[in-house]
Amino acid sequence: MLKVVIVDDELIVRVGFRSCIRWEDYGCEIAATCESAEDAIAFFQKEIPDIVFTDIMMPGMDGIALVEYIRNHYPRVKIVVLSCVNEIDYVKKAIKLGAEDYILKLSFTQDTMGEVIGKLREMIEKERKESFYSELQAVNREELFRMLLSGNLPLAGSEKLLEKLGYSGDFQGVWYVGCFLIDHFKTVKGFRGANLQMMCHGLLNIVREYLTNLEPFELVFAGENEFALLIERQRNEPFSENFKEMLNGLNGALRTHFNLTLSMGMDVRACSGMAIPAHYKYARELAELRFFDGNGSYHQEEAKKGESLLAKRKIQKKIQAAIFKQDEKEAKELSELWFRDMKGMASFGQIQNIRRSVVETWVFISGYSLPEAVEESEYDGMYSTAVFWEAETLAELKQAFQEGVGMVLEYLQANRAANPEIIQLIQYLENHIGENISLDHAAGRCALGKSQFCILFKKHTGETFVNYFNHLKMKRAYELLSCTNLQVQEVANQIGIRDISYFSRMFKKYYQISPSDVKKR
């Protein structure tokens, strides 16, 4: 949609222009209406429109000065002046300064407006195409392919880009698209500056060497840790390359020269140039299946598996019970079984579900109260879970999880005796139910870090701190509602909750009955 700004000091004109035309029918939308040139200039600081309709005679800065300002600062914006019959000299001056057209206020029609907007649209689209084409001249072939792979170009832009690459409308071939992911790229990123650039080009050249029998093909960096492979074939030529063996040989060389490997996804469905971005996205998802099969793996088709649900709460409780019993063997066996089940869920859509499930389980067994709908970045800051999100494979994720369980077991074994500060804190909570005591405050009273406090508190009470304190509040509320004449709001106030609706929801969660119904009994 083209963005339009109307500038006129008369309200009736602004309203008339805005309401008497169905701008969307012409592919336009009104971005703003301004009663002065100064207001229009202020709007330009926030958003640059495509077309400006401006009055000529306005108090303060007039339309002629506005045309000159726009032409000097925003040369691509198209300007149409609105004039009265007796302002023809000003119109001529505005057009000389760069306005594209003019409209008489008292005689314009929808047909007139349609003609004007149609002409301006053609000018804008032509300029955009010319601008895009000129930008293509300044970039190299690899950058052109990266632009194509992004999938962010409009149809006309993709066609122009393919033409620039030498694949115009009469191209009779097809493409097969693959993706290489550099495994453990975080270790590769230890290189800096020129060293990283040399390493990347060396890596690319080794891959090219192993692909020489595929000519013609294109191999380009598609991101900091990935290569895109595009193999050109005749439309009737079958695709039968054995990439798995090729990848094994390639990875042998890469281990020798760079101490790293590549994982690969290959979309073996033939596609046209316009479909390359979608097929590359699928190939990248296939490469990400290294999560299940390990680094250096190859995939050319994703198994069709249902979206299974992990029984998180059940396994969480079992592992936590084993930890509290300090049974390391049982905790490990349970986690082995759990991760074995995960391996059977091999589909791209499950990878993040599995990561999140492991993170939630880790948070649970660590003794924290888990908030709803927490994002990855928030988890990382709250619970130090980066190691789980960064694990490239399921095997690495399992190792990180089991190491975390081991840390909890070691901590509990080192603190076998009940911590007297926890016992004192529980008494303190019962005496201060009307206060809102935070996790940080509670841990501080026990002179413990949050993580250690959560583990010890849950081991001692069987509940997280937040759940335990909320339960105390609800028990006190039930007693007050049952045995006193206090109203519901007064009871809520006494346990430190000012929001009556929140209090009612929480109370019903614990007792399956509303506070008001308790009062009626």
Side-chain angles (χ1 to χ4, degrees), residues 313 316-317 320 323-324 359-388 404-405 407-481 484 486 488-511 515:
R313 188 62 65 191
Q316 285 169 355
K317 290 182 176 179
Q320 188 181 68
I323 290 172
F324 285 168
V359 168
E360 289 179 352
T361 301
W362 163 247
V363 171
F364 181 84
I365 67 174
S366 298
Y368 286 98
S369 179
L370 187 66
E372 293 292 329
V374 177
E375 297 298 324
E376 293 176 26
S377 57
E378 295 177 84
Y379 268 135
D380 192 28
M382 293 162 63
Y383 310 118
S384 301
T385 60
V387 64
F388 302 119
V405 168
M407 289 169 54
V408 175
L409 283 165
E410 288 176 8
Y411 183 80
L412 290 175
Q413 288 167 3
N415 294 269
R416 290 178 184 272
N419 193 309
E421 282 79 10
I422 298 291
I423 297 173
Q424 293 175 15
L425 175 69
I426 289 173
Q427 185 60 51
Y428 178 83
L429 295 177
E430 291 178 350
N431 295 332
H432 295 80
I433 284 178
E435 299 177 15
N436 291 314
I437 300 170
S438 68
L439 175 61
D440 285 335
H441 179 70
R445 287 190 64 86
C446 296
L448 293 169
K450 281 199 299 184
S451 181
Q452 291 83 0
F453 169 76
C454 288
I455 292 169
L456 290 176
F457 190 91
K458 192 164 188 178
K459 182 175 185 293
H460 186 86
T461 65
E463 292 188 81
T464 65
F465 167 75
V466 173
N467 285 343
Y468 182 88
F469 194 32
N470 283 339
H471 200 174
L472 274 184
K473 286 176 177 284
M474 294 304 107
K475 284 172 66 178
R476 179 65 58 82
Y478 193 93
E479 293 170 3
L480 294 173
L481 289 167
T484 71
L486 294 175
V488 173
Q489 182 66 68
E490 293 174 308
V491 170
N493 291 341
Q494 287 211 15
I495 63 169
I497 298 177
R498 300 291 180 264
D499 186 335
I500 188 66
S501 60
Y502 174 71
F503 167 67
S504 296
R505 289 197 305 273
M506 183 179 290
F507 188 89
K508 196 166 185 177
K509 175 183 174 183
Y510 279 91
Y511 293 105

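Predicted model only: the values in this text are computed from it and were never measured.
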Ignoring hydrogens, what is the shortest heavy-atom contact between [X] and [Y]? Give both atom names and the distance.
X: I433; Y: L472; result: CD1-O, 3.9 Å
X: F503; Y: P515; result: CE2-CG, 3.7 Å
X: F453; Y: C446; result: CE1-SG, 3.8 Å
X: E463; Y: Y468; result: OE2-CD1, 3.8 Å
X: I497; Y: Q489; result: O-NE2, 4.4 Å
X: E435; Y: Y428; result: OE1-OH, 3.9 Å

I need the [X] [atom1] to [Y] [atom2] distance, nearest 0.5 Å.
X: S501; Y: R505; atom1: OG; atom2: CZ; value: 5.0 Å
X: N470; Y: Y510; atom1: CG; atom2: OH; value: 4.5 Å
X: L439; Y: I437; atom1: CG; atom2: CD1; value: 11.5 Å
X: M474; Y: L481; atom1: CE; atom2: CG; value: 9.5 Å
X: F469; Y: E430; atom1: CZ; atom2: CD; value: 10.5 Å
X: I422; Y: L448; atom1: CD1; atom2: CG; value: 6.0 Å

Evaluation steps, side chain to side chain contact (heavy atoms under 4.5 Å, CB included), between K473 and M506:
CA-CA 10 Å; K473 286 176 177 284; M506 183 179 290; 5.9 Å; no
Candidate pair K458 and C454, rule side chain to side chain contact (heavy atoms under 4.5 Å, CB included), full reasoning
CA-CA 6 Å; K458 192 164 188 178; C454 288; over 6 Å; no
Residue pair W362, V359: steps toward the side chain to side chain contact (heavy atoms under 4.5 Å, CB included) verdict:
CA-CA 5 Å; W362 163 247; V359 168; 5.7 Å; no
Pair V488-F507, side chain to side chain contact (heavy atoms under 4.5 Å, CB included): steps then yes or no
CA-CA 11 Å; V488 173; F507 188 89; over 6 Å; no
Using atom types as modelled and distance alone, determine if a side-chain donor or acceptor of K450 lies under 3.5 Å from a backbone N or O of D440.
no
